[in-house]
**Q** 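Here it is, the structure, as structure tokens.
Chain A is the first sequence line, chain B the second, and so forth, proteins listed ahead of strands; every chain is numbered from 1.
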Amino acid sequence: METITIRLDFPYDFERVLERLSMDPLISLNNDERYVMVPTEDRKIYKVEAIGTTDEPIFNIVGPKDEKKIRKIKEIFHFDRSLEPVHEHFATTNLSSIFEEHRGTPIIREFSLYATLMKSIIHQQLNLSFAHTLTTRFVHTFGEQVEGVWIYPEPALVGKLQVEDLRELQFSTRKAEYVIGVSNAIASGELNLESLALLDDEKIIETLVNYRGIGPWTAGSFLLFGLGRPNLFPLADIGLQNALKKLWGVADKPKAAEISSHFPEWSPYLSYASLYLWRSIEQDSFRNRYVSFNAPNDTII
DNA sequence: GACCAGGATTGCT
DNA sequence: AGCAATCATGGT
């Protein structure tokens, strides 16, 4: 065990990070003590704890001594890239208000690439509340806990499940087929997410959408939250459509063409535009729903 | 009880 | 190529 202390030279609001991560009941965190528990791909657990402020961000990473994993955690928490250029970019755009409002909100990646894909598929078209119910059932039933932290099951295990196993958790038949099918492709080695990660955005999307159950939204979500790519805007996302509807004060959700006409203005940081737009509506629905502590066993107190 | 949810696929024009 | 139906169920 060792503790590594990191100081950032750009604004970083960990309170907002915790607020956002609190939406997922599978993540072990403590809002008051300002920490998140992070499982690595090989089941080691790290604690990431904020001990500074938004304008003087300082963090402790506590866990097994391992340089590669520390680097991975820095990537997950966006410690390795400044948010300064992002804020500078959006200050002169039509999204400046939400970037001021949520200043210092980083893209936090999912803790594993496979989990990103499973979570995205399971979340397709469902309201966030029920979506989280399903992912929680999925992980509680087939995953496992390490040091109190829930970890998604291995692709090989999920690949061997029957559709009925997931139907019992109230997955639709199709969703069950998607989850099992993609897991099998990964388990067999046909689909290798780590090597996929070396390709550019377009190539990754092109590969992923060949799999039944992965469309443009899920592929975009994988790039954004799995790999932390900076320039993705999932046009199919209802949340983003609603966020723009609210921001622009219009009666109907804007159409894809209308939204994408702003891409030149928002590029090359479309992912941040997405993230900050999501944030702009999350407060409405989640401010009063989740409280400060997700206990390791997942009970919401 | 209708309608929508942080979509994707399938089948029909 | 583009559109409608379909999926399962919770939230509003």
Side-chain angles (χ1 to χ4, degrees), chain A residues 16 19-27 98 102 105 107-110 115-138 141 162-183 185 191 204-229 232-247 250-257 259-260 270-290 300:
Chain A
R16 294 197 189 281
E19 205 176 298
R20 186 146 218 282
L21 292 180
S22 299
M23 289 165 46
D24 187 343
L26 286 167
I27 296 178
I98 61 169
H102 303 283
T105 305
I107 294 173
I108 304 295
R109 301 195 205 178
E110 294 289 337
T116 311
L117 223 38
M118 290 301 105
K119 186 173 168 182
S120 298
I121 292 173
I122 293 169
H123 281 218
Q124 284 168 6
Q125 210 265 334
L126 297 176
N127 65 72
L128 280 187
S129 173
F130 182 48
H132 282 130
T133 301
L134 285 188
T135 45
T136 300
R137 281 182 193 153
F138 178 69
T141 306
Q162 302 300 319
V163 168
E164 302 81 65
D165 298 328
L166 292 170
R167 286 284 298 135
E168 283 177 23
L169 308 184
Q170 291 176 288
F171 282 52
S172 64
T173 301
R174 283 219 288 246
K175 195 160 286 199
E177 290 167 357
Y178 298 164
V179 164
I180 293 169
V182 172
S183 295
L191 177 59
I204 295 174
I205 293 174
E206 192 184 307
T207 304
L208 284 178
V209 296
N210 285 323
Y211 291 89
R212 195 159 170 272
I214 303 180
W217 180 87
T218 304
S221 179
F222 177 80
L223 286 165
L224 210 170
F225 292 111
L227 301 178
R229 298 286 169 97
L232 269 294
F233 195 103
L235 280 168
D237 190 278
I238 300 286
L240 292 177
Q241 294 168 20
N242 282 329
L244 285 170
K245 174 182 157 194
K246 178 185 170 190
L247 181 69
V250 292
D252 299 314
K253 291 196 286 280
K255 295 187 193 312
I259 298 173
S260 59
L270 287 173
S271 298
Y272 295 89
S274 305
L275 177 65
Y276 281 64
L277 282 167
W278 273 314
R279 287 300 292 146
S280 72
I281 53 167
E282 274 162 14
Q283 290 173 321
D284 303 343
S285 44
F286 285 96
R287 175 166 291 163
N288 299 316
R289 191 170 307 165
Y290 288 93
I300 295 180

**Q** Evaluate the criterion side-chain contact (heavy atoms from CB on, under 4.5 Å) for residue pair Leu275(A) and Arg20(A); output intermediate values, then yes/no.
**A** CA-CA 10 Å; Leu275(A) 177 65; Arg20(A) 186 146 218 282; 3.7 Å; yes
**Q** Under 4.0 Å, counting only non-hydrogen atoms across every strand here, what does Lys119(A) touch: a base, just sugar-phosphate, or nothing?
**A** nothing
**Q** Using a 3.5 Å cut-off and no angle test, enumerate the donor-acceptor pairs between side-chain atoms of residues 215-225 of chain A and protein atoms at least two apart in sequence or in another chain.
**A**
| unit_1 | atom_1 | unit_2 | atom_2 | d |
| --- | --- | --- | --- | --- |
| Trp217(A) | NE1 | Asp237(A) | OD2 | 2.8 |
| Thr218(A) | OG1 | Gln124(A) | NE2 | 2.8 |
| Ser221(A) | OG | Ser120(A) | OG | 3.0 |

**Q** Ring-plane angle category for Tyr276(A) and His102(A), please: parallel below 30°, perpendicular beyond 60°, tilted otherwise.
**A** perpendicular
**Q** Check this for me: does the side-chain of Asn127(A) come within 3.5 Å of the base of dG10(C) through a donor and an acceptor?
**A** yes
**Q** When the distance from NZ of Lys253(A) to P of dC3(B) is rounded to whole Å, what number comes out?
**A** 13 Å
**Q** Please work out if Arg20(A) contacts a base, only the sugar-phosphate, or nothing of the nucleic acid, heavy-atom cut-off 4.0 Å.
**A** base
**Q** Quick one: Leu169(A) CG to dT9(C) P, roughly how many Å, whole number?
**A** 11 Å
**Q** Using a strict threshold of under 4.0 Å (side-chain N to carboxylate O), is an ion pair present between Glu177(A) and Arg174(A)?
**A** no
**Q** Between Thr133(A) and Phe171(A), name the one whose nearest nucleotide on DNA chain C is closer to the 5' end.
**A** Phe171(A)
**Q** Provide, to the nearest angstrom, the distance between the NZ atom belonging to Lys245(A) and the C1' atom belonging to dA5(B).
**A** 13 Å
**Q** At what distance, to the nearest 0.5 angstrom, does CG of Leu232(A) lie from CD1 of Ile204(A)?
**A** 9.0 Å
**Q** Strictly under 3.5 Å: I want the nitrogen or oxygen pairs between protein and nucleotides 9-11 of chain B, one per line.
**A**
| unit_1 | atom_1 | unit_2 | atom_2 | d |
| --- | --- | --- | --- | --- |
| dT9(B) | OP1 | Tyr211(A) | O | 3.3 |
| dT9(B) | OP1 | Gly213(A) | N | 2.6 |
| dT10(B) | OP1 | Arg212(A) | NE | 2.8 |

**Q** To check you understand the geometry: which heavy-atom pair defines the closest contact between Leu128(A) and His123(A), and what is its length?
**A** CD2-ND1, 4.1 Å
**Q** Measure the distance from CG on Leu117(A) to C1' on dG7(B) and round it to the nearest whole Å.
**A** 14 Å
**Q** Any side-chain N or O of Lys175(A) less than 4.0 Å from the OP1 or OP2 oxygen of dT6(C)?
**A** no
**Q** Quick one: His132(A) NE2 to dA5(B) C1', roughly how many Å, whole number?
**A** 13 Å
**Q** Are OP1 or OP2 of dG10(C) and a side-chain N or O of Ser129(A) less than 4.0 angstrom apart?
**A** no
**Q** How close or far is atom C1' of dC4(B) from atom CG of Asp252(A), stated in whole angstroms?
**A** 14 Å
**Q** Within the structure shown, what part of the strands sits under 4.0 Å from Leu126(A) by heavy-atom distance: base, sugar-phosphate, or nothing?
**A** base
**Q** Rounding to an integer number of angstrom, what distance separates dA5(C) and dA2(B) when you compare their P atoms?
**A** 16 Å
**Q** Ignoring the backbone of Asn242(A), work out which of dA8(B), dT9(C), dA5(B) is nearest its side chain.
**A** dA5(B)
**Q** Would Arg137(A) and Glu168(A) pass as an ion pair if we require N to O under 4.0 Å?
**A** no
**Q** Report the residues that fulfil side chain to side chain contact (heavy atoms under 4.5 Å, CB included) with Thr141(A), sequence neighbours left out, ordered by chain and then residue number.
**A** Leu169(A)
**Q** Measure from CD on Glu177(A) to C1' on dG7(B) and round the result to the nearest Å.
**A** 15 Å
**Q** Output the rounded distance in Å from CD (Gln125(A)) to P (dG11(C)).
**A** 15 Å
**Q** Answer with base, sugar-phosphate or nothing: what part of the nucleic acid does Gln124(A) contact at a heavy-atom distance below 4.0 Å?
**A** sugar-phosphate
**Q** Measuring only the P atom in each nucleotide, how far is dG2(C) from dA5(B)? A whole number of Å is fine.
**A** 23 Å
